[in-house]
Number of protein chains: 2
Amino acid sequence: MTTTTANHTTRIVLAERPHGAPTDQTFRTETAELPALADGQLLVRNRYISLDPYMRGRMSAAKSYATPTPVGDVLPAETVAEVVESRDPDFKPGQLVATHGGWQSAAVVPGKYSRPVSDNGQPESTALGVLGMPGFTAYSGMAEIGRIQAGETLVVAAAAGPVGSAVGQLARAAGARAVGIAGGPEKCAYLVDELGFDAAVDHRSESFAEELKAACPEGIDVYWENVGGKVLQAVLPLLNLYGRMPVCGMVAQYNATGAPEGPDRLPDFMRTVLNQSLTVRGFIQTEFRAKHWDNFQRDMAGLVADGRMKYREDIVDGLENAPSAFAGLLEGRNFGKLLIRV
Amino acid sequence: MTTTTANHTTRIVLAERPHGAPTDQTFRTETAELPALADGQLLVRNRYISLDPYMRGRMSAAKSYATPTPVGDVLPAETVAEVVESRDPDFKPGQLVATHGGWQSAAVVPGKYSRPVSDNGQPESTALGVLGMPGFTAYSGMAEIGRIQAGETLVVAAAAGPVGSAVGQLARAAGARAVGIAGGPEKCAYLVDELGFDAAVDHRSESFAEELKAACPEGIDVYWENVGGKVLQAVLPLLNLYGRMPVCGMVAQYNATGAPEGPDRLPDFMRTVLNQSLTVRGFIQTEFRAKHWDNFQRDMAGLVADGRMKYREDIVDGLENAPSAFAGLLEGRNFGKLLIRV
């Protein structure tokens with residue numbers, strides 16, 4: 001199914017916009033001929049495709065930070081790929097690049113939006129995870145917004161995911177207390193036992209709010225929001241004066257189809273912002289690329305090499321499994337950075 | 001009723017905590033003997049008492065940025081007062097000070113929390129308004145959070161009030177478009193005709209959201225939040241990328257007695273924070289005192305003197321009228337900085 005001749009691609013396109021969770025009708029697999037290369041372009045063969053929650057936004061026509069994918073177009077994704085043919089003098093055949101290759105076996109991409117996969121001693125797949133976009137999201141959001149200090153407490157939701165696990169370990173590396181929120185005992189044990197979080201709380205627990213409070217005896221200085229929903233509700237009363245809240249995702253809401261039921265929690269939220277002099281800041285990592293990317297590559301590769309930044313990958317074989325893997329991602333069924341191995 | 005001998009005060013105390021809007025039962029007027037002066041203290045006779053929305057928070061026992069006033073205690077307020085007797089070498093009898101004199105005719109106050117009323121050519125009452133706490137709230141919040149730039153659009157709620165009117169005029173002075181929201185045609189006309197706002201929108205209008213949109217053809221870069229409620233709802237879809245939202249008050253909610261009815265608007269709010277990379281920042285002006293107070297005194301007095309910063313005072317005569325004036329403040333019945341002249 002994913003066999004590719006030099007100038008053909010097997011690709012997954014957006015068949016129709018999902019209403020709520022994506023279904024089989026959302027996706028269609030097809031084979032297409034690739035265009036001839038223009039100057040500055042590369043023909044690449046994808047090896048790993050990154051699946052990330054933000055892609056749900058691109059499947060909708062609604063206003064979002066991600067431009068909607070037109071119906072019928074291949075779904076966008078960052079990939080690690082091998083250059084097959086190059087009309088960009090900065091790249092040569094056989095070289096590995098991180099690029100925007102999409103949900104497909106091969107692609108024609110602009111060289112200027114591709115970067116060589118660093119020779120940093122780590123597996124090439126990390127260019128899509130801890131040493132790629134998710135890791136950079138954690139690093140730059142912490143540098144610009146979270147600004148965690150030694151002795152403070154950080155809480156991060158979806159803590160077993162690629163962004164959350166990096167956020168928590170960055171807090172630990174800064175001398176702060178890291179509390180992770182995840183779904184299920186396996187992920188919670190992983191946070192504490194493998195990643196060195198100070199505590200983990202299962203959001204599926206009936207006494208979630210009480211357990212979170214117990215895990216944060218000195219309150220919360222930084223709440224890293226990438227989930228939305230009930231976690232935020234439990235966090236609010238625990239936030240300390242001058243607390244910071246980097247907002248980099250709303251995965252719990254991506255499939256929402258209407259205004260949620262009341263009561264209206266916005267007034268209580270705004271009162272907390274006022275009473276605690278909070279900073280709430282939404283961001284997309286591209287905002288901070290120019291300022292932080294080089295430092296990120298150096299610092300993060302160093303933390304990975306010395307064992308203070310661990311990561312986990314959830315690799316699914318076969319392009320044809322991307323739709324079901326993506327649906328599971330929105331439900332938290334993956335465990336680690338979700339990648340498709342083509 | 002407000003006659004005072006040298007060491008007696010007529011004062012209004014918190015008789016019981018209000019549930020919802022304050023009523024006659026909330027307040028009690030009494031006469032009391034003042035204690036003898038200790039070192040560092042001043043005996044002052046209040047001339048003007050400032051009534052401000054934040055005082056509603058002090059009447060409640062609930063957690064707020066303002067410490068609750070104990071039942072039976074005099075209600076707190078900043079005042080302009082004349083020094084009658086001084087045991088602080090920095091002050092002498094006859095001098096005018098801005099101090100924390102409370103809802104009463106006379107008070108014993110610490111010299112260190114008092115400041116001389118500046119000799120800046122403006123009426124002494126401005127030390128409680130445009131050249132005092134409300135003006136400083138506008139100035140420091142704009143300097144630290146709003147950071148309005150020439151060509152941008154600012155929207156401010158409660159725009160005819162002392163903070164809102166200063167915020168809008170600061171935006172104008174910076175070369176930005178200022179749009180004010182106020183209740184009723186009289187206040188709206190005042191914003192445009194007297195204060196030079198570019199537009200004003202009446203929040204009582206049935207087509208409020210449409211009118212606000214029409215007044216902001218290039219969207220909103222700064223929304224100054226000091227009201228809460230439905231204004232925020234109309235602002236949300238208009239906010240531009242990298243918009244800023246200084247949050248310095250929630251007057252529409254101060255009398256609220258329970259969680260408001262649904263739908264829950266928090267998810268939509270957080271999605272907007274994410275999609276537009278917004279900065280939402282609560283603050284109390286005391287945070288910025290050390291950094292900005294001196295610049296504020298210089299800059300704001302200059303703007304007032306050259307006519308670019310106009311202000312309006314709503315002066316009510318008689319301490320006995322403070323309770324009803326305060327209730328009106330929470331309902332938006334005043335027009336200008338509300339002061340009690342003792």
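First the proteins, then the strands, lettered A, B, ... as listed; each starts at 1.
Top candidate by heavy-atom pairs under 4.5 Å with chain B, chosen from A:V247, A:T272, A:L241, A:L278, is A:L278. Chosen from A:Q233, A:R265, A:M245, the residue pairing most often with chain B at heavy-atom distances under 4.5 Å is A:R265.
For CD of A:E218, the number of neighbouring non-hydrogen atoms (other residues, nucleotides, ligands) closer than 6.0 Å is 12 at most. Atom NZ of B:K291 is surrounded by 12 or fewer heavy atoms from other residues, nucleotides or ligands within 6.0 Å.
Only the side chain of B:L232 comes within less than 4.5 Å of a heavy atom in chain A; its backbone stays farther off. The part of A:E225 that comes within reach of chain B is its side chain, from C-beta onward, which places non-hydrogen atoms under 4.5 angstrom from that chain.
Using a 4.5 Å heavy-atom threshold, the side chains of A:I284 and B:L274 count as touching.
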Side-chain polar contacts of residues 146-168 of chain A - donor-acceptor pairs under 3.5 angstrom, sequence neighbours left out - could you list them?
{"unit_1": "A:R147", "atom_1": "NH1", "unit_2": "A:E144", "atom_2": "O", "d": "3.4"}
{"unit_1": "A:R147", "atom_1": "NH1", "unit_2": "A:I145", "atom_2": "O", "d": "3.2"}
{"unit_1": "A:Q149", "atom_1": "NE2", "unit_2": "A:R147", "atom_2": "O", "d": "2.9"}
{"unit_1": "A:E152", "atom_1": "OE1", "unit_2": "A:Q149", "atom_2": "N", "d": "3.0"}
{"unit_1": "A:E152", "atom_1": "OE1", "unit_2": "A:R244", "atom_2": "NH2", "d": "2.7"}
{"unit_1": "A:E152", "atom_1": "OE2", "unit_2": "A:R244", "atom_2": "NH1", "d": "3.4"}
{"unit_1": "A:E152", "atom_1": "OE2", "unit_2": "A:R244", "atom_2": "NH2", "d": "3.4"}
{"unit_1": "A:S165", "atom_1": "OG", "unit_2": "A:G161", "atom_2": "O", "d": "2.8"}

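Minimum heavy-atom separation, B:V273 to A:R281: CG1-C, 4.2 Å.
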